[in-house]
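Accompanying notes for the structure given below.
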Amino acid sequence: MNGLHSDMRRLRKKAAALGWSAARTNGGHLRWTHKTGGIVFSPSTPSDVRSMRNTLARIKRETPKGDHTYATQ
């Protein structure tokens, strides 16, 4: 996905390790979809680092138990 801030690219990589993929919505946000059907929405241009941390936290909460293959920092 072109045009993403470098921090968002890192978030996308971490989310991908948990089985999530991102796509832009018509409104310019990101729609994160898990391979099991979970959905999380986030801004594509976060205002600060907390936004990315909050998105990753939501993604982790929505990831089914036993599917946390990514080691947290």
Side-chain angles (χ1 to χ4, degrees):
M1 186 176 308
N2 293 331
L4 286 181
H5 189 271
S6 62
D7 291 334
M8 288 302 288
R9 283 193 295 270
R10 276 185 254 143
L11 173 61
R12 187 172 179 217
K13 187 174 181 177
K14 291 176 183 181
L18 291 170
W20 292 83
S21 61
R24 284 194 194 262
T25 66
N26 290 337
H29 290 82
L30 293 178
R31 176 183 173 151
W32 300 88
T33 307
H34 191 265
K35 58 187 176 185
T36 61
I39 298 172
V40 171
F41 290 92
S42 72
S44 60
T45 56
S47 57
D48 61 16
V49 71
R50 289 175 297 173
S51 175
M52 290 178 288
R53 289 180 186 159
N54 290 340
T55 299
L56 183 57
R58 284 195 310 265
I59 285 171
K60 286 180 178 182
R61 281 193 300 270
E62 294 295 323
T63 301
K65 299 286 185 210
D67 202 16
H68 287 266
T69 55
Y70 175 76
T72 56
Q73 293 179 323

- Mark yes or no for whether H34, through its side chain, and I59, through its backbone, hold a donor-acceptor pair below 3.5 Å. no
- Task: Begin with the C-alpha distance, continue with both residues' side-chain angles, and end with the deciding distance and a verdict on side chain to side chain contact (heavy atoms under 4.5 Å, CB included) for L18 and W32.
- Result: CA-CA 11 Å; L18 291 170; W32 300 88; over 6 Å; no
- Message: I want to check something: taking the side chain as every heavy atom from C-beta on, are R58 and T55 in contact at a cut-off of under 4.5 Å?
- Response: yes
- Query: Below 4.5 Å, heavy atoms only, C-beta onward: do R12 and L30 meet side chain to side chain?
  - Reply: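 A side-chain contact is absent here, since even the closest heavy-atom pair is not under 4.5 Å.
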- Task: Would you mind telling me which of R31, R24, H29 makes a side-chain hydrogen bond (donor to acceptor under 3.5 Å, both in side chains) with S44?
- Result: R24
- Rounding to 0.5 Å, atoms CH2 (W20) and CD1 (I39) come to a distance of 8.0 Å
- Item | Inter-residue atom distance D7.CG - R53.CZ, 0.5 Å rounding | 10.0 Å
- Note on the structure: Heavy atoms of M8 and P43 approach each other most closely as CE-O, 3.7 Å
- Results of side-chain hydrogen bond (donor to acceptor under 3.5 Å, both in side chains) for D48 - residues two or more places apart only: R50
